[in-house]
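In what follows, chains are A, B, ... by sequence order, proteins preceding strands, each numbered from 1.
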Number of protein chains: 2
Amino acid sequence: MQPQQTLFYEGDPAEFLFNVTGGMIRVHKLLADGRRQVTGFLYPGDFVGLAVHDNYAYTAETVVATSVCRFPRTKLHALMREMPHLENRMLSMASNELIEAQDQMLLLGRKTAQEKIASFLLMISRRAGRRGQSDNPIHLPMGRTDIADFLGLTTETVSRVFTQLKTSGAIRLLDNSRVQLSDMRALGATAQGS
Amino acid sequence: MQPQQTLFYEGDPAEFLFNVTGGMIRVHKLLADGRRQVTGFLYPGDFVGLAVHDNYAYTAETVVATSVCRFPRTKLHALMREMPHLENRMLSMASNELIEAQDQMLLLGRKTAQEKIASFLLMISRRAGRRGQSDNPIHLPMGRTDIADFLGLTTETVSRVFTQLKTSGAIRLLDNSRVQLSDMRALGATAQGS
DNA sequence: CGATCCGTTGAGGTGCGTCAACGGGAGTGG
DNA sequence: CCACTCCCGTTGACGCACCTCAACGGATCG
């Protein structure tokens, strides 16, 4: 799929379950007046559309060129009966997502802009490392608007904090989508609350 | 269990899975300097400790006098093999929690104080109704500090918004723990963004 | 070369936090 | 039964972190 394409919209009947096999998916929710909260960025291996309900609870879009595997949800029950292992694995993934969601709530509800950005950079680095990719410098396929809507900030604030972290020597901005984490210790301290 | 007692702390080895049978559980995470994010209030029927990992990712405490059912997690796998239905049910509950978590992210990241409080009151009302209890006036067993830490606000702001909603006629404060939702339509509008 | 998009930077405003004081209810001890 | 204290919710005054509005620059594309 091409960049910035929609897999499904919030409220659509939830017919399919997707598995990301390449690229990046962005998931978000909207308020009536257009305010947006990005609730997650999904990497290869992640599932989208885990909803048990009849309709999707969020919109899913590609960030960059992305490939996905699509299962009809009607076949899911049958599939799980054949592979009991699968249900276990999905419960495990859902639990992991729940833990990440709680971390994100802590970030959104209680962290400052600097702490949010530092936490975000470290999270991206950790994920890249877990996927066996170079985790420094890190790659940020999403734009400033996506980062802002993920962290509950504005693009201007994201930009300013990047500049502050650059000035303080914690990071280096190689280009708009590549960031070198020069001082992991400082970033870690900032992420937790200076 | 008595009010304000701890079931387990964040980081403790996750030995047990709990099922709330009465009262209310509060779940939270802390930053190093003491800032707190309450990530959920659990009612009878809800599970606590669904973590797949070896350690709890959050602290769980009682809000009021509470009764729980405790399962050793080591027996959980065996139990799920006996009752395949159970695993299905837990996946379903985890998915529901994920959807609620995403709603909460939207609230924390993008809603104003008024919108947060209105959303909170409506959520409590909805939950009470779903459990077959009177949903108006609603009962708030938790204190202002808990509400503030759940919504990413301070107690002062919570108090001020309650007063504003009271003045505007949307609610009536019967006492510190009982709130009458006088104008559901106005509350609904406020919750979404005026 | 003009147009558009995106990130950055600056100036000013504001919603909510901080700090402080007050009041009522509950528990305690005399 | 009455002081005294403690705790919690409320209210006010003030400050600040972040938002808003605006302008600018570089990259990309026709």
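In this model, the phosphate group of D/dT10 is not approached by any side-chain N or O of B/Thr155 to a distance below 4.0 Å at OP1 or OP2.
Rounded to a whole Å, the CD atom of A/Gln164 is 12 Å from the P atom of C/dT8. Put simply, CG on B/Leu108 is 17 Å from C1' on D/dC18, counting in whole angstrom units. Put simply, CZ on A/Phe162 is 17 Å from C1' on D/dC18, counting in whole angstrom units. Here the C1' atom of nucleotide D/dC18 and the CD1 atom of A/Ile147 are 17 Å apart, to the nearest Å. Atom CG of A/Asp149 is separated from atom C1' of C/dG7 by 15 Å (rounded to the nearest Å).
Taking a cutoff of 4.0 Å between a charged side-chain nitrogen and a carboxylate oxygen, A/Glu82 and A/Lys75 do not qualify as a salt bridge. The pair B/Arg144-B/Asp149 does not meet the salt-bridge criterion, since no charged nitrogen lies less than 4.0 angstrom from a carboxylate oxygen.
Taking the screw axis at each terminus of the helix from C/dC1-D/dG30 to C/dG30-D/dC1 from five consecutive base pairs, the angle between the two is 30° to within rounding of 10 degrees.
Counting only residues at least two apart or on different chains, the side chain to side chain donor-acceptor pair (under 3.5 Å) pairs with a member in residues 49-65 of chain A are A/Arg26-A/Glu61, A/His53-B/Asn96.
With hydrogens and angles left out, the side-chain atoms of A/Gln164 and A/Gln114 include a donor and acceptor closer than 3.5 Å. A/Thr21 and A/Ser67 share a donor-acceptor pair across their side chains, judged by distance under 3.5 Å alone.
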Which atoms of nucleotides 24-30 of chain D (N or O only) lie under 3.5 Å from a protein N or O atom, and what are those distances?
none

Would you tabulate the pairs of protein nitrogen or oxygen atoms and nucleotide nitrogen or oxygen atoms of nucleotides 5-7 of chain D closer than 3.5 angstrom?
none

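Annotation for B/Gly129 and B/Asp135: closest pair N-CB, 3.8 Å, computed over non-hydrogen atoms. Among all heavy-atom pairs drawn from B/Val63 and B/Pro141, the shortest one is CG1-O, 3.7 Å.
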Base-contact (B) and sugar-phosphate-only (S) positions in nucleotides 12-27 of chain C, heavy-atom cut-off under 4.0 Å, - elsewhere:
----SSBB--------
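Side-chain atoms of A/Gln180 and A/Ile138, non-hydrogen and from C-beta on, never get closer than 4.5 Å to each other. The side-chain heavy atoms of A/Val38 and A/Arg36, taken from C-beta on, include a pair separated by under 4.5 Å. Residues A/Asp183 and A/Leu187 form no side-chain contact, since every pair of their non-hydrogen atoms from C-beta on lies 4.5 Å or further apart.
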Candidate pair B/Ser95 and B/Ser92, rule side-chain hydrogen bond (donor to acceptor under 3.5 Å, both in side chains), full reasoning
CA-CA 5 Å; B/Ser95 296; B/Ser92 156; over 6 Å; no
A/Ser119 and A/Lys111: CA distance, side-chain angles, deciding distance, side-chain hydrogen bond (donor to acceptor under 3.5 Å, both in side chains) verdict:
CA-CA 9 Å; A/Ser119 303; A/Lys111 290 190 181 179; 2.9 Å; yes
Check the pair B/Arg70, B/Glu15 against salt bridge (charged side-chain N to carboxylate O under 4.0 Å, His left out), reporting the backbone distance first and the verdict last.
CA-CA 10 Å; B/Arg70 202 179 70 171; B/Glu15 300 172 5; over 6 Å; no
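Near DNA chain C, defined here as any heavy-atom distance below 4.0 Å, the residues from residues 137-145 of chain A are A/Gly143, A/Arg144, listed numerically.
Taking the centre of each ring, A/Phe16 and A/Phe71 stay at or above the 6.0 Å mark. Taking the ring centroids of A/Phe8 and A/Phe18, they lie under the 6.0 Å cut-off.
Judged by distance alone, the side chain of B/Arg131 and the main-chain N or O of B/Arg126 form no donor-acceptor pair under 3.5 Å.
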